[in-house]
Amino acid sequence: MADELKLNYGVDLKGFERQLTAIEKTALPAAQAGYLNAVAFGARKNLQTALNKEITGGPVPFTKRGVVVDKASSSGKPEAAVRLLPEQARYLQYPILGGVRRAGDPGAGRWDVMTDAAERNSFGNIKKGYVKRVSKKAKTERERRAALRHKRDELRAAGKSTSKARWMTPTRQPGVFFSEIRHAKGYWQRPTTPGGKLTLLARFSDNAKYKTTVHWDAAIQRAVFIENPKAVFDAELRRALAKLPK
């Protein structure tokens with residue numbers, strides 16, 4: 001009788017169970033958290049892009065840092081959130097929610113709100129630093145005119161001609177001043193030629209009405225409804241499995 005051929009199969013059920021447990025308890029939660037964080041950071045990027053387009057003069061780094069992500073954790077709640085830090089939210093509420101900004105409100109001056117300007121960027125927003133430059137020109141002219149008035153007073157008191165202390169507009173640099181003219185309060189540029197017209201450089205009002213221009217919900221939805229969510233999750237799962245003990 002031919003010898004019997006015996007094949008013994010040994011299955012390490014305990015090792016297999018440990019591997020499944022590791023996948024269930026470690027890899028899957030890590031992949032889920034990674035996927036949620038990828039979506040949240042995508043939404044954050046969309047919001048920052050919207051702020052770049054809509055905020056007057058472009059957002060400063062402090063404003064961009066105001067959009068933050070509360071990351072999901074594989075060991076905690078399976079939730080990721082995108083939110084604004086409190087200080088930035090105080091003035092970003094207007095482009096996000098709409099409403100009326102008044103003097104003294106966040107993003108406005110103590111006495112008024114800037115509502116228009118002559119120079120704008122490609123997005124239609126006031127160029128960064130524009131009002132500061134205009135204000136500096138107005139201040140320089142005001143100080144020079146005051147100095148010349150004082151000089152003329154001294155010349156008159158001495159019985160001398162004041163012709164040397166007259167104001168002379170610098171060549172190709174028309175003067176700038178702040179005033180309210182025809183119910184428009186702001187910085188004005190003097191005429192470039194005799195008899196010419198004034199130019200309103202920056203206008204200020206008691207308040208400004210805002211419509212929603214930064215669409216928060218739409219930015220979130222564009223991140224959630226990505227083209228291939230399965231591919232994103234699979235990539236996170238492969239990353240989590242690679243970290244499991246061999």
Side-chain angles (χ1 to χ4, degrees), residues 11-101 105-108 121-125 128 208-246:
V11 178
D12 185 3
L13 291 178
K14 290 185 178 180
F16 182 65
E17 288 175 356
R18 284 195 300 269
Q19 188 176 18
L20 287 179
T21 300
I23 293 174
E24 179 184 0
K25 291 186 176 181
T26 304
L28 287 177
Q32 178 177 259
Y35 174 79
L36 291 173
N37 291 333
V39 171
F41 279 102
R44 178 176 181 263
K45 182 178 179 180
N46 291 343
L47 289 166
Q48 290 179 328
T49 299
L51 294 176
N52 285 337
K53 293 181 179 180
E54 299 299 337
I55 288 185
T56 299
V60 297
F62 174 77
T63 298
K64 286 186 175 182
R65 290 196 298 270
V67 186
V68 297
V69 172
D70 294 332
K71 295 172 65 175
S73 170
S74 60
S75 59
K77 291 183 178 180
E79 298 176 357
V82 183
R83 62 184 176 88
L84 288 174
L85 294 176
E87 192 167 352
Q88 286 88 336
R90 291 174 62 233
Y91 61 88
L92 288 177
Q93 62 177 308
Y94 299 101
I96 293 175
L97 301 176
V100 179
R101 192 197 305 269
D105 286 343
N121 59 24
S122 59
F123 297 119
N125 297 318
K128 187 174 183 179
K209 294 182 180 179
Y210 289 83
K211 294 181 180 179
T212 297
T213 54
V214 177
H215 300 280
W216 183 277
D217 291 343
I220 301 294
Q221 289 175 1
R222 283 198 304 274
V224 171
F225 297 109
I226 53 181
E227 291 183 4
N228 195 343
K230 183 178 182 300
V232 176
F233 182 82
D234 287 348
E236 294 296 335
L237 181 57
R238 286 194 297 271
R239 186 179 294 110
L241 290 173
K243 294 180 180 179
L244 292 178
K246 302 299 183 180

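As a basis for the values below, the full set of heavy atoms in this structure was taken, side chains included, without hydrogen atoms, waters or symmetry mates.
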K.L.:
Given V214 and L92, is the side-chain contact (heavy atoms from CB on, under 4.5 Å) satisfied, shown in steps?
P.N.:
CA-CA 9 Å; V214 177; L92 288 177; over 6 Å; no

K.L.:
Please report the interatomic distance CH2(W216) to CD(Q93), rounded to the nearest 0.5 Å.
P.N.:
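Reported to 0.5 Å precision, the distance equals 13.0 Å.
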
K.L.:
Is a donor on one side and an acceptor on the other found under 3.5 Å between the side chain of Q88 and the backbone of F62?
P.N.:
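Such a contact is found between Q88 side chain and F62 backbone.
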
K.L.:
Provide the closest heavy-atom pair for A33 versus S73 in the form atom of the first, atom of the second, distance.
P.N.:
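For A33 versus S73, the nearest heavy atoms are CB-C, 3.8 Å.
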
K.L.:
What distance separates L97 CG from K211 NZ, expressed to the nearest 0.5 Å?
P.N.:
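One gets 16.0 Å once the value is rounded to the nearest 0.5 Å.
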
K.L.:
With side-chain contact (heavy atoms from CB on, under 4.5 Å) as the test, would you mind laying out the steps for L84 and V67 before giving the verdict?
P.N.:
CA-CA 5 Å; L84 288 174; V67 186; 3.7 Å; yes

K.L.:
Of the non-hydrogen atoms in V82 and A40, which two are nearest, and what is the gap between them?
P.N.:
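Here V82 and A40 meet closest at CG2-O, 3.4 Å.
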
K.L.:
At what distance, to the nearest 0.5 angstrom, does CD of E79 lie from NZ of K71?
P.N.:
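Atom-to-atom, E79:CD and K71:NZ are 16.0 Å apart.
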
K.L.:
Which atoms form the tightest heavy-atom contact between V68 and R65, and what is the distance?
P.N.:
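For V68 versus R65, the nearest heavy atoms are CG1-O, 3.4 Å.
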
K.L.:
Enter the distance from L36:CG to S74:OG here, rounded to the nearest 0.5 Å.
P.N.:
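It comes to 11.5 Å.
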
K.L.:
Taking the side chain from Q48 and the backbone from K45, do they hold a donor-acceptor pair closer than 3.5 Å?
P.N.:
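A pair under 3.5 Å: no.
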
K.L.:
What closest approach, in Å, do P78 and A72 show between heavy atoms, and which atom pair accounts for it?
P.N.:
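Closest heavy-atom pair between P78 and A72: C-CB, 4.5 Å.
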
K.L.:
Going through the checks in order, is the side-chain contact (heavy atoms from CB on, under 4.5 Å) test met by K64 and N52?
P.N.:
CA-CA 9 Å; K64 286 186 175 182; N52 285 337; 3.1 Å; yes

K.L.:
Quick one: pull up OG1 in T63 and CD in E87 and give me the separation to the nearest 0.5 Å.
P.N.:
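Taking OG1 in T63 and CD in E87, the distance rounds to 9.5 Å.
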
K.L.:
Heavy-atom count around R222 CZ within 6.0 Å, excluding the residue itself: above 12?
P.N.:
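Count over threshold, so yes.
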
